[in-house]
Asks: 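Would you mind keeping the following structure in view while I ask a few things?
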Amino acid sequence: MKLIKLSLQIGKYIILCFLFFILVLIFLIWKDTWNPYSHNIETYFIPTFSKHSLDWGHTFKKELSLPMRWSSLIDINNDWIDEIFLWGWAWQSDQFFRYQDWKFLDVSSKYTLAKWPSENTLAAASADVDWNGYSDLIVSRDDSVIIYHNNNWVFRWKIIDSWLNSSTSPLWITLWDIDRDGDLDMYIAWYIKRELMNGLTNFSEWYWWTSVLLINDGIWNFENKTEDFWLLYTHNTFQWVFVDLNNDSWLDLVVAHDTWEPRIYKNREWKSFELKTNPFTNKFSYPMGIALWDYDNDGFTDIMFSNIWSTLPKALVKWDLPNTDNLELGWFLLKNNWDFNFEDTSQETAIQDYEFSWWAVFADMNNDAKEDLIVAENYVDLSFQKLFKLPWRFLLQRDDGIFVATGKQSWASNKHYWITPLISDFNRDGVLDLVWVNIAGPSYAFINNNNVTRNYIQISLEENPKNIGSKIVLTLASWETLTQDYIIWEWLAGDQSSVIHFWLWEVKQVSSLDIMYTNWETVSLKNPEINTTLKL
């Protein structure tokens with residue numbers, strides 16, 4: 001009898017300990033949704049938005065594909081208003097939406113894209129590949145890469161040889177005129193197919209496949225030049241972005257590998273790419289997304305990498321690492337001090353300690369000439385995020401460089417499985433609007449209410465090989481300069497607008513606008529008119 005009572009007593013304590021563990025775990029999951037910072041910003045600077053549903057629900061089926069969803073902004077008819085392209089998985093059609101008559105209309109029937117019903121659409125990017133003045137759509141699917149040529153709003157498709165293989169998915173396509181010969185070259189980031197994955201936290205250097213740099217011969221035949229330019233490696237890759245980091249007109253390279261170090265390469269004038277060190281070289285992380293912009297207005301492009309930080313403890317995500325000494329899970333913000341000298345400023349700008357994130361974008365959402373940061377969150381494959389969804393992060397930059405979360409005050413709530421933000425001025429009122437692209441449900445657009453009228457200049461550039469990769473510099477009457485790179489597919493899961501936005505706050509005069517192309521040519525415009533969109 002005593003033995004039975006003792007066993008019951010021990011069983012009771014075991015159950016109580018188990019319940020206590022569960023309560024602690026639930027508390028930690030809930031705590032992960034809190035704001036880790038207490039910074040504030042004046043209400044005057046906080047924009048508000050009106051919510052619009054894109055009436056097409058995305059269905060998530062984990063057995064069919066990776067937990068991703070791609071999208072693109074493409075100005076199909078050259079009216080300076082972007083259409084939204086949302087891709088569908090197997091047995092779902094791809095969709096187009098247009099902002100018209102104060103709402104977003106499904107116009108998919110007007111722009112049908114040929115697609116096998118059982119295919120997953122994986123990546124999408126827009127560019128004028130044939131120099132006819134209309135943006136075309138480049139789409140990767142399970143077993144092919146397809147160009148949909150836009151001929152006066154009618155899409156005609158062509159399958160191109162893209163070095164596909166049966167073990168990986170072409171997760172991301174980047175198009176640039178890398179060799180300056182007038183046509184677009186292609187980079188394909190490979191990611192292991194869902195059914196062959198060996199864990200989500202695998203830091204093995206040889207996991208899984210080599211991404212490829214493909215050079216266009218002018219008629220869309222491609223030669224693999226990856227090894228020739230010292231870019232041969234084997235690991236899952238989320239994203240590559242080409243951008244001029246040292247202002248020498250040659251496009252350098254920023255790479256986000258899943259479960260590896262963030263990498264930065266210098267373009268040695270098209271002889272090779274040289275791997276440069278950065279504050280996180282030889283440190284392991286989860287750098288899934290890349291956001292590029294001169295956030296501090298010093299003339300040099302800075303780099304933000306997303307990461308998983310507090311959502312999962314290091315002990316659970318270190319996988320085969322012997323310890324966690326070189327495991328960095330916070331968000332990264334690399335301030336560019338020129339000549340590939342980068343400084344991590346994530347702590348002083350108050351972004352380091354935020355939670356699990358996907359893809360991010362820098363954009364001036366309140367028209368104060370300082371770049372803000374919008375970051376996607378929530379992972380559809382993490383069961384505990386079904387219980388407490390992360391709040392996503394809408395971060396406004398203050399005068400002192402601190403980023404402050406103002407999502408609730410901006411009325412732009414989106415507690416869904418969000419994969420990427422899209423940014424554009426859909427209603428042409430001079431302020432930026434926002435689209436949350438969601439997995440496993442509908443996506444939402446948020447039109448900026450333009451609380452306070454401020455000055456701006458917009459530049460509309462064709463998405464052709466000459467323009468892509470150029471730098472646009474605005475010189476104010478005070479001789480202060482604002483710089484942007486013409487990067488239209490910077491964000492992994494979303495191809496952005498071809499309209500460049502410069503927000504000027506109360507500035508009323510601009511001295512000059514300069515576009516510096518990658519071939520050293522410069523176009524200058526003196527005293528451009530403010531509060532207009534310039535077609536160049």
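All figures in this text were calculated on a predicted structure; none of them were measured in a lab.
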Asks: Should we say atom CH2 of Trp157 is surrounded by more than 12 heavy atoms from elsewhere, each under 6.0 Å from it?
Replies: no
Asks: If the condition is side chain to side chain donor-acceptor pair (under 3.5 Å), which residues does Asn341 pass it with, not counting sequence neighbours?
Replies: none
Asks: Does Phe356 have its ring centroid less than 6.0 Å away from the ring centroid of Trp358?
Replies: yes
Asks: Looking only at heavy atoms, which two atoms of Ser497 and Ile423 are closest? And how far apart?
Replies: CB-O, 3.7 Å
Asks: What pairs with Asp252 under salt bridge (Lys or Arg N to Asp or Glu O under 4.0 Å), at least two apart in sequence or on another chain?
Replies: none
Asks: What residue among Trp250, Phe229, Trp176 forms ring-ring contact (aromatic ring centres under 6.0 Å, His included) with Trp270?
Replies: Phe229
Asks: In chain order, what residues pass the ring-ring contact (aromatic ring centres under 6.0 Å, His included) check against Tyr265, with sequence neighbours excluded?
Replies: none
Asks: Are Trp230 and Leu275 packed together at the side-chain level, in the sense that at least one heavy-atom pair is separated by less than 4.5 angstrom?
Replies: no
Asks: Quick one, Phe426 and Leu73 - any side-chain contact, counting heavy atoms below 4.5 Å?
Replies: yes
Asks: With the threshold set at 4.0 Å, does a side-chain nitrogen-carboxylate oxygen contact exist between Glu377 and Lys389?
Replies: no
Asks: Assess Arg263 against Trp240: is NZ or CZ under 6.0 Å from the centre of the six-membered ring, and within 45 degrees of the ring's axis?
Replies: no
Asks: Not counting sequence neighbours, which residues clear salt bridge (Lys or Arg N to Asp or Glu O under 4.0 Å) with Lys535? List them please.
Replies: none
Asks: List the residues meeting side chain to side chain donor-acceptor pair (under 3.5 Å) with Tyr486, not counting sequence neighbours, and say none if there are none.
Replies: none
Asks: Applying side-chain contact (heavy atoms from CB on, under 4.5 Å) to Leu245 and Phe300, what does each step give before you reach the verdict?
Replies: CA-CA 7 Å; Leu245 293 172; Phe300 297 101; over 6 Å; no
Asks: Restricting to salt bridge (Lys or Arg N to Asp or Glu O under 4.0 Å), what partner residues turn up for Lys335, sequence neighbours left out?
Replies: Asp296, Asp298
Asks: Determine whether Glu355 and Arg393 make a side-chain contact, defined as any pair of heavy atoms from C-beta on separated by less than 4.5 Å.
Replies: yes
Asks: Are the side chains of Ile76 and Phe155 in contact, using a 4.5 Å heavy-atom criterion?
Replies: yes
Asks: Which residues pass the ring-ring contact (aromatic ring centres under 6.0 Å, His included) test with Phe342, not counting sequence neighbours?
Replies: none
Asks: Flag the pair Phe280 / Ser285 as yes when at least one side-chain heavy-atom distance between them is below 4.5 Å, and no otherwise.
Replies: no
Asks: Listed by chain and number, what are the salt bridge (Lys or Arg N to Asp or Glu O under 4.0 Å) partners of Asp302, not counting sequence neighbours?
Replies: none
Asks: Taking all atoms of both residues into account, what is the closest heavy-atom pair of Asp294 and Glu371, and its distance?
Replies: O-CG, 4.3 Å
Asks: Please identify each residue that fulfils side chain to side chain contact (heavy atoms under 4.5 Å, CB included) with Asp485, with sequence neighbours left out.
Replies: Val243, Thr301, Lys471, Ile487
Asks: Could you pull out the closest heavy-atom pair between Ser306 and Ser357, with the gap in Å?
Replies: CB-OG, 3.1 Å
Asks: Which residues satisfy the ring-ring contact (aromatic ring centres under 6.0 Å, His included) test with Tyr295, sequence neighbours excluded?
Replies: none
Asks: When you look at CH2 of Trp131, are more than 12 heavy atoms from neighbouring residues, nucleotides or ligands closer to it than 6.0 Å?
Replies: yes
Asks: Of all residues at least two apart in sequence or in a different chain, which pass the side chain to side chain donor-acceptor pair (under 3.5 Å) check with Asp425?
Replies: Gln458
Asks: I want to check something: taking the side chain as every heavy atom from C-beta on, are Met186 and Ile173 in contact at a cut-off of under 4.5 Å?
Replies: yes
Asks: Would Glu261 and Thr281 count as having a side-chain donor-acceptor pair, cut-off 3.5 Å?
Replies: no
Asks: Which is it for Ser498 and Leu461 under the side-chain contact (heavy atoms from CB on, under 4.5 Å) test, yes or no, and what are the steps along the way?
Replies: CA-CA 6 Å; Ser498 62; Leu461 292 174; 5.8 Å; no
Asks: Among residues at least two apart in sequence or on other chains, which ones pass ring-ring contact (aromatic ring centres under 6.0 Å, His included) with Phe502?
Replies: none
Asks: Kindly indicate whether the side chain of Gln352, heavy atoms from C-beta on, has any atom under 4.5 Å from the side chain of Asp344.
Replies: yes
Asks: Pick from Phe446, Tyr444, Trp436: which one makes a ring-ring contact (aromatic ring centres under 6.0 Å, His included) with Trp392?
Replies: Trp436
Asks: Do the side chains of Trp520 and Arg180 get nearer than 4.5 Å, heavy atoms only?
Replies: yes
Asks: Starting at NZ of Lys276, measure out to CG of Leu253 and round the result to the nearest 0.5 Å.
Replies: 13.5 Å
